[in-house]
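First comes the structure, then the notes that go with it.
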Amino acid sequence: LSAVFLLYAMGVGGADGCGPCSVEKETAMFENILVPVDGSDTAALALEKATALAEKFKSKITLLCVMEPYPALTMNEMDLGLAQQQYAQVAEQHADTTLERARATLAALLPTQVQIMKIEAGSAWRGIVETAHLLEVDLIVMGSHGRKGLERLVLGSVAQKVVSHAERSVLVVHAKA
């Protein structure tokens, strides 16, 4: 989609407000796209959408994997320390594997600049929002697991929290029906 078409479709027109605006040059609408990945099918779908956008707008993509802290329950300090250490190792391996798969998928589809980031944050949504702000991305493209009811109440919705708190545009990709 060209910037002219998008502006026209959004109702931004020329002097009379009806026709296409006078912008002829296609501008980089989304120079920097952030794609949070977690190894899920919906994250893979989001990566596909982000790839299509990056191809169209010659965008740079940043792949992000957020590692959350170990959910400490009631444990003594020694058991908690060992559990946290084991969890950190597994989380680190999962993040590395997830990012490498996403990078390989992206490289096969599109020769574009790719930045890979792995961060630790208190919650996934907060890590995504803070990274988007820090990198000054133009768009966040992320998957949604589509949780409903009790599952959503207990586990929450990362996508919903990102949409609610991000100062950037967010494209949420849902699982294929």
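This one's a predicted model, so the numbers in the text were calculated from it and none came from an experiment.
No single ILVMFWY cluster, assembled from side-chain heavy atoms under 4.5 Å apart, contains both L64 and M67. Using a 4.5 Å cut-off between side-chain heavy atoms of Ile, Leu, Val, Met, Phe, Trp and Tyr, with links allowed through other members, I140 and V172 fall into the same hydrophobic cluster.
Here the CG atom belonging to L106 is positioned 4.5 Å from the OG1 atom belonging to T51, to the nearest 0.5 angstrom. One distance of note links CG of L139 with OG of S169; it measures 6.0 Å at 0.5 Å rounding.
G122 approaches E68 most closely through the heavy-atom pair O-OE2, 4.1 Å. L171 and L53 get closest at one heavy-atom pair: CD2-CD1, 4.0 Å. The minimum heavy-atom distance linking P36 with A43 is given by the pair O-CB, 4.2 Å. Heavy-atom minimum distance, G127 versus A121: CA-CB, 3.7 Å. Closest approach of V35 and A50 over heavy atoms only: CG2-CB, 3.4 Å. Between S123 and V66 the shortest heavy-atom distance is O-CG1, 4.1 Å.
V158 has its side chain within reach of M142: a pair of non-hydrogen atoms, C-beta onward, lies under 4.5 Å apart. In this structure, T105 and L47 have side chains that are in contact, with non-hydrogen atoms separated by less than 4.5 Å. No side-chain heavy atom of L63 sits less than 4.5 Å from a side-chain heavy atom of M117. Counting heavy atoms from C-beta on, the side chains of V141 and V170 never come closer than 4.5 Å. You'll find the side chain of L34 reaches within 4.5 Å of the side chain of T131, heavy atoms only. Looking only at side-chain heavy atoms (C-beta outward), E100 and R103 come within less than 4.5 Å of each other.
Remark: K118 NZ is packed, more than 12 non-hydrogen atoms of other residues, nucleotides or ligands lying under 6.0 Å away. Crowding of D96 atom CG: a count of heavy atoms from other residues, nucleotides or ligands under 6.0 Å exceeding 12.
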For E136 and R168, run salt bridge (Lys or Arg N to Asp or Glu O under 4.0 Å): C-alpha distance rounded to whole Å, both residues' side-chain angles, the deciding distance at 0.1 Å, then the answer. CA-CA 8 Å; E136 297 180 351; R168 307 292 189 252; 5.4 Å; no
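The backbone N or O of D138 lies less than 3.5 Å from no partner atom in the side chain of N32, so there is not a single donor-acceptor pair. No donor-acceptor distance shorter than 3.5 angstrom exists from the side chain of H94 to the backbone of V90, with no hydrogens or angles considered.
Using a 4.0 Å cut-off between a side-chain N of Lys or Arg and a carboxylate O of Asp or Glu, K58 and E31 do not qualify as a salt bridge.
Partners of E120 under the salt bridge (Lys or Arg N to Asp or Glu O under 4.0 Å) rule, at least two apart in sequence or in another chain, do not exist in this structure.
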